[in-house]
Amino acid sequence: MRWIKNLSKKAEKRFEKGKPLHPFYALFDAVDTFLLTPKTITTRGSHIRDAVDMKRIMITVIVALMPPLLFGLWNLGYQHYLSIGIHAGFWQQFGYGFMKWLPMVIVTYASGLLIEIIFAQIRGHQVAEGFFVTGMLIPMIMPPDIPLWIVSVATMFAVLFGKEVFGGNGYNFLNPALLARGFVFFSYPAVISGDKVWIAEKADAFSGATPLAIASSAEYADQLLYLPSTFDMLAGIIPGSIGETSKIAILLGAFILIFTGVASLRIMISVVAGGYFTALLFNIFGTSVYASVPAYQQMLMGGLFFATVYMATDPVSSTHTRAGQVIYGLLIGGLTIAVRHLNKGYVEGLILGLFLMNVMAPLIDWCVIQLNIEKRKQRQVVRAKTAKCNEV
Amino acid sequence: MQQLINICKGLDVRLKGEAPLDMLSFSTMHYALVPDDFRWITPKLCVKEGDTVKVGTPVFYAKENEKIVFVSPVSGMVAAIVRGEKRKIEYIQFLSDGKFDSVPVEIPTAFNPNVIRETLQKYGLWNLLRERPFNRIAQTEATPKAIFISGFDTAPLAPDYAFLVDGRQAELQKGIDVVVQLTSGKCYFSLYKDRNNAIFEQLANVEFRYFAGKHPAGNIGTQIHKIAPVNKGEIVWHINPQALVMIGKLFLYRKLDFSKRVVLCGSGIKRAGYFDLVQGAAVETALQDSLMCEMPRIVSGNVLTGKKIDISGFTGWYDNQLTVIPEGGERKLFGWMAPGFRQWSFSHSYLSWFFPKKKYNFDTALHGGVRTLMLHTEYEKVFPFDILPAELLKACIVEDIDLMEALGIYEVTEEDFALCEVICPSKIEWQELIFKGLTLLYDSTR
């Protein structure tokens, strides 16, 4: 591998300050550190460092995204062929899904990285790795039939206004992937509304409604019979975005994230607990047909599992304190289910729930920090009083 | 048995190169006083090049407080006064005559706090006492609410404290008897459960506290926080057992003796072991035949908090350890994608996690690019204080003094954040930023 190192050395000289290629240094650096580990060493403070860096963290998240992605690609093909009534083999189904997904992911990465590299160059920073995950997430949460230009616009909007205008990776208060999804949800409702979009190139005669759509629009209890079985919802053999359908695959991804310590188990458990508890409340007090759907089934509908594992746990846009994470998670789960029940205009309350809690996260943190500060002040007061008593 | 304080939030970094309890021979003619070993001190010289000195001859004093005097640890002559940028004094080098003749020591017969203070200040031992908040040299007029002594160290490859003071129990006891007079409160002596504490447990005039668990259990900051945390307006002092031995010798034998025992360790040397040397000794003779790598990183102190020195450098005033590890910086193809059986990581994202007992050959590679702070709660796993480390760091970055105070900066110093820095995936220099915050706070209190 010596030739790569030599190539890197030679190329770096061309991108140095004062050389004609210097305006593209951020791009060079991104490629260079992608290929070879950096040569930087510690200078002061701790002389040794952990082998983990943000690249490793992000690649771990991408690995954890693989189970729902691979399943989702197959399911995309399966749902398509089911809707048009053609029997297809496994690889044909998977191949169809892959060919649907590939342009979307290429467009996402191209649009997002373009903005990232421009900003890294302007700021003189390195290109942050965060977008590798965002770019993988966006195609997984979009409706499969969405036009590519919308994906591109949404990605650019999310990276530009969700991240870069606030200072780049780590300074954003909204999850960029969520923002892209929200942008599509609010800006192009006509394009993505209805049941059509959740199966790629669906035959018109085929219903193809998602379980969430069936449940929330049901006016009579009989209509709930059209809901897929619990097993289908768990396994993910239902229409929906690529990533969200298979809860088993998502749990596999969650296991990777928890085992490697990359994502917060505290947030995941809190979201599920918050959602389940709220669903139970609606089971008990709700009057609509939807409220009669068992709480556990409500949890399996829509993107709640996917968002719990991959989006609510985003370390930047979630709360930055441990106690805050519990409150944050509980409220995401609770709000999601509540919006689903109370506002039929927004069937997937998750987007609203996550948005709201992303925005509220700093407030929750502020409260937790104040508690820590107060505790310290109290200690001082107690000590002062004890000292006075001792003097007396 | 005293109540046990167990440090669960922490991390034992397993390095290769531990030193056996063997004594190695050591001799050098070169010694130095390095003003940078003492924070926020502006040195005012009392000697010039070529002057003859004895052990205890004042070399410089602190411009901020003339009572804080720094004396020569050896007898001989001032070989050089090396200056850096803006004529800053880098170090004052001595050429030893090998005799270690002490200046005449006179101690008044009255044994009271004022006499002790004056004696320690006059003979240059005051700087061995350090103060929290700020971890600076103790203020000459202050009375601390308690004095803390740690009888163990949990840092990577740290020396065995019982071995460091072995055979010098009488001097240690005298040192304790002396410094305990300076506080209105108690003198706490921390010990690690299940270690060889027999030497220390015979000591009188101290309250023992037992610790267990992971590093930073041995950091004095952790011990202070767990035993009697520092609030705003309060002062505590801390001192190392070897420094107490120096003080004990002064009062017992009327003699100045700056000798101490230092451990040489790390994967970058052929033979690890212990040396008896005098404060400020040049390390070159100890290392020149022992280095295993072409590019060594020589650290006075441990690898988490120590100071980088050259082969021609000198042992740090407060350090009991000399660590040598290889420099890093070798570029590896797709290193971030490798399974990582040989890569140590606190996170479980490398497969080395399956071998928790394995020891590693660390080098000084940063292992990544600098990013913004992202995994905010991760650091709390290695930070045993009731303080939010990431929030305090952010307060230091934005230089918000009120917030820094509220978040508990008085209780900490940069070494308490060493583990946060080690595990940081964003590769942030925590210790440097916390030190800047402390400096800002210190400047605002002056």
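Side-chain atoms are counted along with the backbone in the values below, which use heavy atoms only and exclude waters and symmetry mates. Residue numbers start from 1 in every chain, and the chains themselves are labelled A, B, ... in the order their sequence lines are given, proteins ahead of strands.
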Which residues, numbered in order, of residues 164-176 of chain A come under 4.5 angstrom of chain B by heavy-atom distance?
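Those residues of residues 164-176 of chain A which have a heavy atom under 4.5 Å from chain B are A/N169, A/G170, A/Y171.
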
N-O pairing of B/E327 and A/K39 below 4.0 Å:
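So B/E327 does not pair with A/K39 through a salt bridge.
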
Pair B/D386 + A/K375, salt bridge at N-O below 4.0 Å
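A salt bridge is present here (some side-chain N lies under 4.0 Å from a carboxylate O).
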
If you count heavy atoms of other groups shown closer than 6.0 angstrom to [atom1] of [X], is the number above 12?
{"X": "B/K232", "atom1": "NZ", "value": "no"}
{"X": "A/F255", "atom1": "CZ", "value": "no"}
{"X": "A/M66", "atom1": "CE", "value": "yes"}
{"X": "A/R123", "atom1": "CZ", "value": "yes"}
{"X": "A/K5", "atom1": "NZ", "value": "yes"}
{"X": "B/K394", "atom1": "NZ", "value": "yes"}
{"X": "B/K359", "atom1": "NZ", "value": "no"}

Minimum heavy-atom distance A/R379-B/V230, with the two atoms named:
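That would be NH2-O, 3.6 Å.
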
Atom of B/D363, atom of A/I48 and distance for their closest heavy-atom approach
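Residues B/D363 and A/I48, closest heavy atoms: O-CG2, 3.8 Å.
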
Pick one of side chain, backbone, both or neither for [X], based on which atoms fall under 4.5 Å of a heavy atom in chain B.
{"X": "A/E374", "answer": "neither"}
{"X": "A/S264", "answer": "neither"}
{"X": "A/V127", "answer": "backbone"}

Tell me which of these, [options], has more heavy-atom pairs under 4.5 Å with chain A than the rest.
{"options": "B/E405, B/E411, B/E415, B/K307", "value": "B/E411"}
{"options": "B/T323, B/N302, B/T377", "value": "B/T377"}
{"options": "B/P156, B/P229, B/A390", "value": "B/P229"}
{"options": "B/R371, B/Q343, B/K308, B/Q431", "value": "B/R371"}
{"options": "B/E378, B/H348, B/K381", "value": "B/H348"}
{"options": "B/A418, B/A406, B/G408", "value": "B/A406"}

Among [options], which has the most heavy-atom pairs under 4.5 Å with chain B?
{"options": "A/T60, A/L36, A/D365", "value": "A/L36"}
{"options": "A/V262, A/I59, A/V316", "value": "A/I59"}
{"options": "A/M58, A/K55, A/K377, A/R322", "value": "A/R322"}

Please round to the nearest 0.5 Å and tell me the distance separating atom [atom1] of [X] and atom [atom2] of [Y].
{"X": "A/I256", "Y": "B/S349", "atom1": "CD1", "atom2": "OG", "result": "12.5 Å"}
{"X": "A/T37", "Y": "B/L333", "atom1": "OG1", "atom2": "CG", "result": "8.5 Å"}
{"X": "B/M374", "Y": "A/D314", "atom1": "CE", "atom2": "CG", "result": "9.0 Å"}
{"X": "B/E429", "Y": "A/T42", "atom1": "CD", "atom2": "OG1", "result": "9.0 Å"}
{"X": "B/C424", "Y": "A/M54", "atom1": "SG", "atom2": "CE", "result": "9.0 Å"}
{"X": "B/I423", "Y": "A/D50", "atom1": "CD1", "atom2": "CG", "result": "7.0 Å"}

Is there a side-chain contact between [X] and [Y] (heavy atoms, below 4.5 Å)?
{"X": "B/R331", "Y": "A/L35", "answer": "no"}
{"X": "B/R297", "Y": "A/I41", "answer": "yes"}
{"X": "A/R376", "Y": "B/I387", "answer": "yes"}

Ignoring hydrogens and geometry beyond distance, is a side-chain donor-acceptor pair present between B/H367 and A/R49 at under 3.5 Å?
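A/R49 and B/H367 do not have a side-chain donor-acceptor pair below 3.5 Å.
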
Could you check B/S345 against A/R56 for side-chain hydrogen bond (donor to acceptor under 3.5 Å, both in side chains), going step by step and ending with a plain yes or no?
CA-CA 11 Å; B/S345 177; A/R56 185 73 181 188; over 6 Å; no

Backbone N/O of A/S46 and side chain of B/E421: donor-acceptor pair under 3.5 Å:
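Here the side-chain-to-backbone pair exists.
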
Whether B/Y350 side chain and A/V52 backbone form a donor-acceptor pair below 3.5 Å:
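Side chain of B/Y350 to backbone of A/V52: no pair is present.
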
Should the ring pair B/H376 and A/H320 be called parallel, tilted or perpendicular, given that the plane angle runs from 0 to 90° and is split at 30 and 60?
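Parallel, since the angle between the ring planes stays under 30°.
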
Toward chain A, the part of [X] with a non-hydrogen atom under 4.5 Å:
{"X": "B/E414", "result": "neither"}
{"X": "B/V370", "result": "backbone"}
{"X": "B/W430", "result": "neither"}
{"X": "B/V303", "result": "both"}

Would you sort out whether B/L304 and A/H47 count as a side chain to side chain contact (heavy atoms under 4.5 Å, CB included), showing the intermediate values?
CA-CA 6 Å; B/L304 301 183; A/H47 299 272; over 6 Å; no

